[in-house]
Each structure stands twice: as structure tokens, then as C-alpha cells.
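Notes follow the structure.
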There are 2 protein chains.
Amino acid sequence: MRRRELIDAAIRTIGQRGSLDVTVAQIAHEAGVSPALAHHYFGGKEQLMLATMRHLLHELGRDLSAALRQASSPRQRISAIIAVNFSASQFAPQTVAAWLTFYVHAQQSAETRRLLRVYARRLHSNLTEALARITDKVQAGLIAEGAGALIDGLYIRHALGADAPEATSASALVEDYITVKLAASGAST
Amino acid sequence: MRRRELIDAAIRTIGQRGSLDVTVAQIAHEAGVSPALAHHYFGGKEQLMLATMRHLLHELGRDLSAALRQASSPRQRISAIIAVNFSASQFAPQTVAAWLTFYVHAQQSAETRRLLRVYARRLHSNLTEALARITDKVQAGLIAEGAGALIDGLYIRHALGADAPEATSASALVEDYITVKLAASGAST
DNA sequence: TAGGTTTGATTGACTGATCAATCAATAAAA
DNA sequence: TTTTATTGATTGATCAGTCAATCAAACCTA
């Protein structure tokens, strides 16, 4: 459908320019249609952006459940969650740039804020759930919070480019955090 | 001088609106002068923004060296660095919002990127220096990297509002990270 | 010190560019 | 024939940046 084509074009455009300061005209041109058509289908720029965000969120969710299906032990589930967040598709510069701009946009758009919270909560609950099988619930919550913040921080630094950690060392850093914290709080591996 | 008044007005305006989508006219109005004057003094919006950023960076640096002067042991220096980053002035919603927008702006402005790297490197080297007196250099570098990312992540989550950690629990989380990592890698207190 | 000159501060009005959004018109499909 | 897709042209708003004109302060000089 045309909606889908426009969303794909929006992601491509945001990625190419590394910015949310993207005009409807640019997106429409990238999709090979007229700007007016974008309005026809989405009603406005804001809704196009939200649809784009939902799409990225959906992809992340899909990757995540695929990875979780492969994991058997709780510890493997944790590693799977981390691996997905630093996988090539999620950690690609354009994707990271898009997320970053969504964070800023959230300052003004309640719906954007809500969607970002959905993502944050999902990450947190997935991590907590797996951690709670290895250590106690309070620790699980704290570790999940730390790991979540760590991931966000590594993303933002990645977006800044140079002397930022690569995907491999970034994910190793999060793995290490969890390993050390688990060891320090009586885990059962 | 007028330059200073305009910078202050810029910070106030960015803070109030929680966004870098701030017009020169808004800033000038906040400062009680005409928009043309802002151009007269700064030559353009970009330079006004950069001056504002330098000002915030300078404040952070000032707070930091004041805090470091109070600290005697390396461990205290580390705590001081963390405390400054989560102090009321630095962790205020408007300040955090401003930093966030600078990160986004860095995608398009080389000078903004450079300034942000200056900040990141300063934080990293301060932490590494203090850590290197407690543990070995390799570990010090890794811990500093983790702590830096953690701080950035907590900032971004704070900017998102609700269910984000408060300043106290955020700084406790970073402290805990460092304590645990030091314990796990043979530290001398 | 009075008069004249330069220099910087400050403004209002204006320009040009950029965009989101609208709409009437047309083409295609159902 | 009715509905849906699609567009070109246009509108209206928003801004950054410019400019010529005013105003004031500081600085000369005789």
C-alpha cells in the first residue's frame, strides 16, 4: 500500500539526512509521489512521523521476539535482548539518528513521549523478567534499570560518532555490567 | 555586556520551551531587545547557539573544579564528578532538554559535535585519572567508559520524564556501578 | 569647552526562502 | 455513476538574515 511506501521513504530520508528536520516534500520525492499525497494518506506531517516511529518500534519488537525464541536459559534471554539492541539493523547510524530525533520530538509531542515510554517499559520488563529468575526481584529491577540506561547512553554516544564504542564493545560493556552485578548479588548463573 | 544577556535569555528560552526549535525573535524578546540586535552581536543563530553551549559547558567545568577541590582521595574525586553531573543545576529539566537538543544539532553542525566531544573527553579523562589510582589503567578506562555512558543514558531518560530515576537514585546507580566494578577488579578501596 | 566627527548600539521595516497544508481539477477504478 | 487516487498550483505562516536610518557615547581639535 501507499502508506507503507511512504513510511519506508520517511525512514530512508531521515537516515540519509540524519535529522528529523525532514520535509514532507523530501519524503514524497523519495517515494516518487507528490507531497500532497502524503497529506492525503496521513493527514499531516506529525502523523506520518508517528507512523514511522511505530514502524521502527514494531521492527525492534519483531527482532526481539525472534531472538528470544532462540534462547533457552534466562541468562541467554538477557544476552539475546542486548544483542538485538546492538544488532546491525538497530545500531545503524541512520536508525540511531532517528531514535535520537524522536527523543527530542518527545519534548513537544505527547504521543511521541508515550511511544518512547512503551519502548522503555518493554525493554525494562523483558530484562527484569529474565533477571528475576537468576537473582531476587529488587536486584533484578535495579540491574534492568542500569542496563537500560547504559544502552541508551551507548546509543547516544554512538550517534555522536568518533571515539564512540563499536557495536561489539558496546554490547560487551553491557554484558559485563550484568555479569558483574549478578556475581555481586548472589546469582545462580 | 549585551552578549551575556542574550546568552542568558537563550538558555531561559530553551528551558521554557524544552526545545532547540527556538527562534531568534523569541530569544531577543526574552532579553527585551530587537531580533536584529542578536544578529548584530552574534552574526547568526548558529553562533548564538554555539555561544550558549559554550556557556553551559563552562558552567559545568566551573562546578566540577569546585567540587574536585573539595575532594582529597581518588574515591572522593570520583564521587564528586558524579555528584556534579546530577546536581540540581545540571540535572534541571531545562538544562537536560538543552543538552539533548545539542546532541541532535551535532548531527549537522561540526562545531557542535566538537564541543560535545570536548565534554565527553573531559568527563572520561577526569574519571580515568582518578580510577587509575585505585585500579589498573585498562580497568580504569573501561569503567570510565561505562560510567560516562550510564550518565548520558540517565540524562536522556530524565528528559523523557515519568518513571525516570530521580537525581538521587540516578547518582546512586552510577556510584554503585563504580563500587561494584572496583570490587570485582581488585581495588585498594 | 563648544563644535564637529567618528564609532558603535539599536531598531523597524523589509526580503527571500522554506514549508505544511489546502483545494480544485483530473484520472482511474469500482 | 460514485468513489478513490493523484496532482499542480497556491496560500499563509514562519523565520533568518539584511539594511538604511536613528541615537548616543566617546573622541577629537582648535
Side-chain angles (χ1 to χ4, degrees), chain A residues 1-55 97-98 101-102 104-113 115, chain B residues 1-55 97-98 101-102 104-113 115:
Chain A
M1 166 114 82
R2 268 288 134 84
R3 283 180 65 96
R4 175 58 191 268
E5 281 176 40
L6 280 164
I7 289 176
D8 284 346
I11 294 172
R12 254 177 291 140
T13 311
I14 292 174
Q16 280 163 21
R17 315 210 353 141
S19 150
L20 242 196
D21 276 347
V22 150
T23 69
V24 173
Q26 286 165 349
I27 295 171
H29 178 259
E30 174 76 27
V33 298
S34 88
L37 201 62
H39 284 93
H40 176 69
Y41 278 107
F42 290 94
K45 190 188 182 181
E46 174 82 5
Q47 282 154 281
L48 206 188
M49 288 303 166
L50 287 172
T52 304
M53 211 176 144
R54 282 195 205 95
H55 180 80
T101 54
F102 288 142
V104 169
H105 195 60
Q107 298 281 328
Q108 286 149 311
S109 155
E111 179 64 7
T112 304
R113 223 174 302 138
L115 285 173
Chain B
M1 169 114 82
R2 267 290 134 81
R3 282 180 65 97
R4 175 57 190 270
E5 281 176 40
L6 279 164
I7 290 176
D8 285 344
I11 293 172
R12 255 177 290 139
T13 311
I14 292 174
Q16 280 163 21
R17 315 211 353 142
S19 150
L20 240 196
D21 276 347
V22 150
T23 69
V24 174
Q26 286 165 350
I27 295 172
H29 178 258
E30 173 77 25
V33 298
S34 87
L37 200 62
H39 284 93
H40 176 68
Y41 278 108
F42 291 93
K45 188 187 183 181
E46 173 82 5
Q47 282 154 282
L48 207 189
M49 289 304 167
L50 287 172
T52 304
M53 209 176 145
R54 283 196 204 94
H55 180 80
T101 53
F102 288 142
V104 169
H105 195 60
Q107 297 281 327
Q108 286 148 312
S109 154
E111 180 63 8
T112 304
R113 222 174 303 138
L115 285 174

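Side chains are part of it too, since the values below use all heavy atoms of this structure and drop only hydrogens, waters and symmetry mates. Quick note on labels: first sequence line is chain A, next is B, and so on, each numbered from 1.
Between A:I7 and A:F42 there is a side-chain heavy-atom pair separated by less than 4.5 Å. Looking only at side-chain heavy atoms (C-beta outward), A:I14 and A:M49 come within less than 4.5 Å of each other. No side-chain heavy atom of A:K45 sits less than 4.5 Å from a side-chain heavy atom of A:V22. Between B:L6 and B:V33 there is a side-chain heavy-atom pair separated by less than 4.5 Å. Counting heavy atoms from C-beta outward, A:Q26 and A:T23 have side chains that approach closer than 4.5 Å.
Remark: B:Y41 in residues 41-52 of chain B come within less than 4.0 Å of DNA chain C through at least one heavy atom.
Whole-Å rounding puts the B:H39 NE2 to C:dG8 C1' distance at 19 Å. Here the P atom of nucleotide C:dA20 and the CG atom of A:L37 are 15 Å apart, to the nearest Å.
Residue pairs that meet the side-chain hydrogen bond (donor to acceptor under 3.5 Å, both in side chains) test with at least one member in residues 4-16 of chain A, sequence neighbours left out, are A:R2-A:E5, A:R4-A:D8, A:R12-A:E30.
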Every protein N/O lying under 3.5 Å from an N/O of nucleotides 26-30 of chain C:
none

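Of the residues listed (A:E111, A:E46, A:R113), the one engaging A:H105 in a side chain to side chain donor-acceptor pair (under 3.5 Å) is A:E46, and it is the only one.
Under the rule for a side chain to side chain donor-acceptor pair (under 3.5 Å), B:R17 has no partner lying at least two apart in sequence or in another chain. With sequence neighbours left out, B:A36 forms a side chain to side chain contact (heavy atoms under 4.5 Å, CB included) with B:S34.
The 5' end of DNA chain C is approached more closely, in terms of each residue's nearest nucleotide, by B:P35 than by the other of A:A36 and B:P35.
In the 5' to 3' direction, nucleotides of DNA chain D lying under 4.0 Å from heavy atoms of chain A begin and end at D:dA5 to D:dG8.
Taking every heavy atom of both residues into account, A:T52 and A:A10 meet most closely at OG1-CB, 3.6 Å.
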